[in-house]
Every structure is written in C-alpha cells, then in structure tokens.
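By convention here, the first residue in the shown sequence is residue 1.
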Amino acid sequence: MLTLYIGNKNYSSWSMRPWVLMRQAGIAFEEVMLRFDSFEEQSAFKQRARALSPSGRVPVLMDEGMAIWDSLAICEYLAEKFPEKHLWPTLALNRARARSLCAEMHSGFGALRSLCPMNIEAQLPEVGARLWAENVALRDDVQHLSELWQPLLSTASGPMLYDQFSIVDAFFAPVCMRLATYELPVAPAIDAYVRRVRALPGVQDWVQGALAEHDFRPFEEPYRTAAAG
C-alpha cells in the first residue's frame, strides 16, 4: 500500500496536488497527516518530516520502504507506476506542454502563492480586493495564468485543460482554490474551469477533509492575525 504523508488540508497546497491526483485517478493509498505547528527547525512538524525525507517538507510518498518527495516527483512516479491511469496526456507534444505547465507552477507564480496562501475554509474577498489593488505582481500572475489556460480551454473537447483530468489539472487545483477564496477577477472561461476543477470528486473529498479540521494556524493566516490585533 502506498502511503502519502501530507500537511493540514486547509493550508497545504503542495500536499493537495498528489492527494487529489491519486483520489481522482482511483489509486489506493494510506494518508498520514503531519500537523503544522511551525516550520522552525525544532518544531514537531519539521522533526517528523525530516525523519521521512531530507527535504523536511510534505508531501512525501512512501512505496516499498522508499521515500519520494516533492509533488512533481511524486506525480511522475505515479504516472510510471500506473501507466493504465493515463495521468499525462496521450500525445507526446501535449505531455511535453503539460510538463512545462506543471514545472512553471512548481517554480513560478510567486506573488499569487505568497500573497494569497491557500485557505479552503475561508472566504476572503475583501482581502483579495485589497491585494489586487495594491500588487501589480499579483495581477501579472493571474494574467499570465489566463494566458496559459485560455488556448487550451478554447481547443479542449473535454472539461479539463487536456480534455480529461490529468496531472496538470491536479497541479492547478490549489490555484483554483486560491482564485475562489480571494475572488480574484478572471475571464468567464477561466472561472468556468475553476468551477469544474473544484467540482471534481477528488477535490471535493479534499475540501471536506479541510473543512473538518477546524485547526486555525496563525502563522498561515497573517491577514487574520493582523486584523485581530
């Protein structure tokens, strides 16, 4: 049995990616949550995470006693282990482009990710409006996201970026959650895709788990901490 170690579902966008991929694709796995208490080196979270992999981060996938860490590496491993699941698009050129999109999500969109951290249980339109007005980098990130998605959505014959659900949709699932939480302005076609991703059974399962946590972590929500003070 595969074992996937994750962080808090409400906050851990990187954990969400392989979890949703596996759940949506019907890949059986055991889930173990490492609760976020702090990201300091002496925190309980860091100590447990470093016992699993050198990165000291989640997610981590364990298979046959071997640890695979980093969301993209985990997804690539799953695609090789379960070729019948067709986790990447079928055509080679589409696979290459999908990998490019995942790699860019992996290393880019810094303003969107830092200014709008994932928080599934919250609705933060006022925070989103303020951040949108104050940060050109955030507006640029959302515009670039639209430029990447629009051509694929305009030619897709199915509901996802490459017709049917694949790794690239799992990689953008946390972004869809951010766009919804902060109500960032996007074109109708982008909003429709966001709604379709959020409606996926695997995503809905993750959301229900996040809503059941009731585990407020102040260091993950600086906007609320500041408002409370």
Side-chain angles (χ1 to χ4, degrees), residues 1-23 27-78 81 102-122 124 127 131 141 167 170-178 181-182 202-203 205-229:
M1 174 70 74
L2 298 168
T3 302
L4 184 67
Y5 292 82
I6 63 172
N8 291 49
K9 288 181 179 177
N10 193 51
Y11 303 116
S12 186
S13 58
W14 290 110
S15 298
M16 184 182 184
R17 293 177 167 96
W19 194 101
V20 164
L21 178 70
M22 297 169 79
R23 181 60 63 92
I27 298 171
F29 66 100
E30 178 184 357
E31 167 194 323
V32 178
M33 191 186 83
L34 307 187
R35 180 176 180 264
F36 292 159
D37 60 338
S38 166
F39 298 135
E40 299 297 325
E41 285 300 320
Q42 299 307 313
S43 67
F45 167 78
K46 273 293 185 183
Q47 291 182 38
R48 293 186 68 191
R50 287 205 181 281
L52 296 170
S53 82
S55 73
R57 298 176 180 176
V58 287
V60 176
L61 181 70
M62 297 293 295
D63 188 21
E64 299 182 17
M66 183 182 71
I68 304 106
W69 63 92
D70 187 281
S71 292
L72 189 52
I74 292 170
C75 292
E76 288 281 14
Y77 178 73
L78 293 170
K81 187 176 180 69
C102 289
E104 185 160 1
M105 181 67 257
H106 195 273
S107 61
F109 300 98
L112 176 59
R113 286 160 51 186
S114 63
L115 293 171
C116 301
M118 192 172 81
N119 189 336
I120 289 173
E121 62 86 22
L124 301 167
V127 174
L131 292 170
D141 272 0
I167 290 172
F171 249 70
F172 283 118
V175 172
C176 293
M177 304 310 297
R178 286 177 162 99
T181 294
Y182 297 89
V203 173
D205 288 347
W206 178 275
V207 169
Q208 291 307 309
L211 295 178
E213 288 177 346
H214 304 296
D215 190 17
F216 172 61
R217 304 282 81 203
F219 61 90
E220 287 280 12
E221 302 193 33
Y223 36 82
R224 288 191 177 182
T225 304

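A heavy-atom distance below 4.5 Å is not found between the side chains of Leu115 and Tyr182. The side-chain heavy atoms of Phe109 and Glu104, taken from C-beta on, include a pair separated by under 4.5 Å. The side-chain heavy atoms of Gln42 and Gln47, taken from C-beta on, include a pair separated by under 4.5 Å. Side-chain atoms of Arg17 and Ile167, non-hydrogen and from C-beta on, never get closer than 4.5 Å to each other. Looking at Ser43 and Asp37, their side chains come closer than 4.5 Å, going by heavy atoms from C-beta outward. Inter-residue side-chain proximity for Leu21 and Ile74 is flagged as unmet; no heavy-atom pair is nearer than 4.5 Å. Residues Leu34 and Val60 have side chains not in contact (no heavy-atom distance under 4.5 Å, counting atoms from C-beta outward). Arg35 places none of its side-chain heavy atoms less than 4.5 Å from the side chain of Arg48.
Salt bridge Asp215/Arg217: present, at least one basic N to carboxylate O contact under 4.0 Å. Using a cut-off of 4.0 Å between Lys/Arg side-chain N and Asp/Glu carboxylate O, Glu31 and Arg23 are scored as not salt-bridged.
Looking at every heavy atom in both residues, Met62 comes nearest to Tyr5 through CG-CE1, 3.4 Å. Among all heavy-atom pairs drawn from Pro174 and Phe171, the shortest one is CD-O, 3.5 Å. Between Lys46 and Glu40, the closest heavy-atom pair is CG-O, 3.1 Å. Shortest non-hydrogen contact noted between Pro59 and Pro18 is CG-CG, 3.7 Å. Between Gly110 and Asp141, the closest heavy-atom pair is N-OD2, 3.5 Å. For Arg57 against Ser53, the heavy-atom pair with the smallest separation is O-OG, 4.3 Å.
Here the OG atom belonging to Ser13 is positioned 11.5 Å from the CE atom belonging to Met177, to the nearest 0.5 angstrom. Atoms CG and CD, on Asn8 and Glu213 in that order, are 5.0 Å from each other to the nearest 0.5 Å. In this structure, SG on Cys75 lies 9.0 Å from CE on Met22, to the nearest 0.5 angstrom. With rounding to the nearest 0.5 angstrom, the CD1 atom of Ile68 is 8.0 Å from the CG atom of Leu2. In this structure, the separation between CE on Met16 and CD1 on Ile120 is 5.0 Å, given to the nearest 0.5 Å.
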Run the numbers on Gln208 and Lys9 for side chain to side chain contact (heavy atoms under 4.5 Å, CB included), then give the verdict.
CA-CA 9 Å; Gln208 291 307 309; Lys9 288 181 179 177; over 6 Å; no
Chi angles and distances behind the side chain to side chain contact (heavy atoms under 4.5 Å, CB included) call for Phe29, Leu61
CA-CA 9 Å; Phe29 66 100; Leu61 181 70; 5.6 Å; no
Take Ile6 and Trp206 through the test side chain to side chain contact (heavy atoms under 4.5 Å, CB included) and record every step on the way to the result.
CA-CA 11 Å; Ile6 63 172; Trp206 178 275; 4.0 Å; yes
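A donor-acceptor pair under 3.5 Å is absent between the side-chain atoms of Arg113 and the main chain of Pro117, judged by distance alone. In this structure, the side chain of Asn10 engages the main chain of Glu121 through a donor-acceptor pair within 3.5 Å.
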